[in-house]
J.: 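Just passing along the structure, written as structure tokens.
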Amino acid sequence: MENSGKTGSRSGRCAAENPYLCSDECDASTPDLAHPPSLMVDKDEEGLATYWQSVTWKRYPEPLVANITMSWNKTIELTDDIVVTFEYGRPTAMMLEKSLDYGRTWHPYQYYADDCIEAFGMTPKKVVNLIASNVSRVLCTEEYSRWAGSKKEKNVVFEVRERFSIFAGPDLRKMENLFTRMESAKGLKDFFTFTDLRLRLLKPALGGTYVQRDNLRKYFYAISNIEVSARCKCNLHANACNFREGALQCECEHNTTGQDCGRCKKSFRNRSWRAGSYTPLPHGSPNSCAASGSLGNCECYGHSSRCSFIDFLNVVTCVSCKHNTRGQHCQHCRLGFYRNMSAELEDENICIQCNCNQHGSEHERCNETGDCVCRPGATGTKCDECLLGYHWRQGCQSNVCDDELLICQNGGTCHQGQRCICPSGFKGALCQDVKCDSTHRNCDSASGTLMVSSLLLICTILLSMEGI
């Protein structure tokens, strides 16, 4: 772990905010008075809370910026929330960044500020409002930065569990749904993967709305704990990950090798490497590397009897996949079909037809659970039902009338949402107009205008005749 700020007081009580408890000045060069970055992840002794502390904001208005970098020298995957505990106030503005290439390039993970628009030009959002289609969206949140007037609120969180719950439910009991989405949604697995994390502390806690220039020593950063719940990324080819030769190493199985079990062993390259799979549930598929001479029907899960080696890509691919499958190994379903999660990959019934209603759905494709994409007003797994306010007529059409908002007037009755049945003497979509004919003498304004025009015409004719 590295940081760009100097260290401060070691005592859990001694800080710039209450110097009367300090017997000596903070000194990074003295072990008893130093506060190195390692204290952010140490185990506190009973009764003593240790923390790292930055320099104070003596150079205001020059920004007080500190970077906290955590490097694992290994690709890891998040399994729960990231929690950072700040002493003496959470930052007014900060960023969490990640790297997938050992710190060569960095990407934003989440922004934190008391005013997201002012700090980052972003509208504040909450993870709880995310949905399946934007679960990997980078947000700016104001939830962990506003000054609450209390030192009890210390934690800043990167919510992983809430993102998992979008697929697995609030109690995370439907993990099979999360695993399935991890397999099928492009880029979702990478969102929870990194080699390095970096905290960019951009503005310290203010304790109010403005900076007190006569007391700049009260502004600093102090971190007592950083908790990252994660596991080694081994591409589902290992059950253990140990520290060997100065780095974390996956204990690779399934004839794979490499730090992440990311390639086949030298004598097991007749089948191209693939990551293990969570599906089919509940046990998944190891997708083992095959030994020389073992390539055959199993490579295509029984959905093709022919394989071809593509030289310039250095991969083996199946040819003419059957049973509504597709892909390099006939492991995916054709468009218009979805995976039968209760069947093994070798099952002829592995792919089930979507059967989306042609009038109610946008297209014939469905997602991995068989749900079709519905047109406006349509609902149901196959988009063959209508939402409230719509009726079925070769698709879902907006109601002409109903019993709540579009009420038939003057005693009219609504027929299946399609039309108002008007009583004698009334007309119109909602029976709102009065009829004007020989039977009903009460005419509407349009009819009255027509009558006046007729009388004027008769008068004009009579006057013309008198002139003759």
Side-chain angles (χ1 to χ4, degrees), residues 1-5 37-38 40-41 52 65-86 90-91 93-113 116 119-122 124-128 130 132-145 155-167 178 181-182 185-203 221 223 225-236 241 247-250 258-262 275:
M1 182 183 295
E2 299 175 354
N3 78 95
S4 63
S38 58
M40 300 183 204
V41 291
W52 165 85
V65 177
N67 289 342
I68 309 298
T69 303
M70 294 161 281
S71 300
W72 284 266
N73 196 30
K74 171 77 178 70
T75 306
I76 63 174
E77 299 171 320
L78 286 173
T79 58
D80 211 328
D81 295 347
I82 297 173
V83 182
V84 183
T85 304
F86 287 88
R90 297 178 292 189
M94 62 172 278
M95 289 175 60
L96 177 64
E97 297 178 309
K98 75 168 187 173
S99 174
L100 283 164
D101 53 10
Y102 304 93
R104 287 188 289 273
T105 61
W106 293 92
H107 309 278
Y109 226 175
Q110 189 147 303
Y111 297 88
Y112 302 83
C116 284
F120 301 110
M122 300 174 65
K125 301 286 184 182
K126 292 185 178 180
V127 172
V128 70
L130 292 176
S133 60
N134 64 2
V135 68
S136 57
R137 182 176 179 179
V138 176
L139 305 178
C140 180
T141 177
E142 297 177 349
E143 192 170 352
Y144 304 103
S145 304
N155 291 340
V156 173
V157 183
F158 178 72
E159 302 98 331
V160 174
R161 179 175 288 265
E162 285 196 28
R163 285 180 165 89
F164 285 169
S165 69
I166 293 174
F167 307 110
L178 174 62
R181 185 56 69 101
M182 286 285 196
K186 184 177 180 181
L188 183 58
K189 193 181 296 184
D190 287 343
F191 178 77
F192 299 103
T193 303
F194 50 82
T195 59
D196 305 77
L197 284 177
R198 183 166 70 184
L199 286 172
R200 295 193 63 200
L201 309 177
L202 305 175
K203 192 174 184 179
Y221 305 107
I223 298 177
N225 190 53
I226 298 178
E227 182 178 342
V228 180
S229 301
R231 66 185 177 194
C232 291
K233 180 181 179 180
C234 300
N235 289 295
L236 298 184
C241 181
L248 289 167
Q249 297 281 342
C250 298
Q259 190 181 25
D260 299 340
C261 306

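Quick note: residue numbers are just sequence positions, from 1.
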J.: Does any non-hydrogen side-chain atom of L188 lie less than 4.5 Å from one of F167?
T.: yes
J.: How far does CZ of R163 sit from CG of D81, to the nearest 0.5 angstrom?
T.: 9.5 Å
J.: If the plane angle is over 60° it's perpendicular, under 30° parallel, otherwise tilted; pick one for F158 and F191.
T.: tilted
J.: Just verifying a value: how many Å separate S38 OG and W52 CH2, rounded to the nearest 0.5 Å?
T.: 12.5 Å
J.: To check you understand the geometry: which heavy-atom pair defines the closest contact between V127 and E162, and what is its length?
T.: CG1-CB, 3.8 Å
J.: Over all heavy atoms of both residues, which pair between F164 and T79 is shortest? Give the atoms and the distance, please.
T.: CE1-O, 3.6 Å
J.: Please table the atom pairs, donor to acceptor, closer than 3.5 Å between any side-chain atom in residues 226-235 and protein atoms at least two apart or in another chain.
T.:
residue	atom	partner	partner atom	Å
R231	NE	E77	OE1	3.2
R231	NH2	Y278	OH	3.0
N235	ND2	D260	O	2.9

J.: Is it true that a side-chain atom of Y112 and a backbone atom of V157 form a donor plus acceptor pair closer than 3.5 Å?
T.: yes
J.: Mind checking whether Y102 and T75 have side chains closer than 4.5 Å, heavy atoms only?
T.: yes
J.: Is there a side-chain contact between L199 and I223 in this structure, where contact means two heavy atoms from C-beta onward sitting under 4.5 Å apart?
T.: yes
J.: Just jot down the side-chain contact (heavy atoms from CB on, under 4.5 Å) partners of Q249, sequence neighbours excluded, or say none.
T.: R244, A247, Q259
J.: When you compare the side chain of V65 with that of L201, does any pair of heavy atoms fall below 4.5 Å?
T.: no
J.: Strictly distance-based, threshold 3.5 Å: is any side-chain N or O of T85 a donor or acceptor partner for the main-chain N or O of N155?
T.: no
J.: Please, which pairs that meet salt bridge (charged side-chain N to carboxylate O under 4.0 Å, His left out) have at least one residue in residues 98-111, sequence neighbours excluded?
T.: none
J.: Once rounded to the nearest 0.5 Å, what's the spacing between atom CD1 of I82 and atom CE of M70?
T.: 7.0 Å
J.: Are Y111 and C116 side-chain neighbours, meaning at least one heavy-atom pair lies under 4.5 Å?
T.: no
J.: Can you list the steps and then say if Y221 with M94 is a side-chain contact (heavy atoms from CB on, under 4.5 Å)?
T.: CA-CA 11 Å; Y221 305 107; M94 62 172 278; over 6 Å; no
J.: Residues in side chain to side chain donor-acceptor pair (under 3.5 Å) with Y144, at least two apart?
T.: E159
J.: Looking at every non-hydrogen atom in both residues, tell me the closest pair between T141 and Q110 and how far apart they are.
T.: CG2-NE2, 3.6 Å
J.: Is the shortest side-chain heavy-atom distance between F120 and M95 below 4.5 Å?
T.: yes
J.: If you take the centroid of each ring, where Trp contributes its six-membered ring, are W72 and F194 closer together than 6.0 Å?
T.: yes
J.: Sequence neighbours excluded, which residues qualify as side chain to side chain donor-acceptor pair (under 3.5 Å) partners of E142?
T.: R146
J.: Passes side-chain contact (heavy atoms from CB on, under 4.5 Å), C250 versus K74? Steps please.
T.: CA-CA 10 Å; C250 298; K74 171 77 178 70; 3.6 Å; yes
J.: Calculate, to the nearest 0.5 Å, the distance between atoms CZ and CG belonging to F86 and N225 respectively.
T.: 11.0 Å
J.: Output every pair passing side chain to side chain donor-acceptor pair (under 3.5 Å) with a member in residues 193-202, not counting sequence neighbours, ordered by first then second residue.
T.: S71-D196, E97-R198
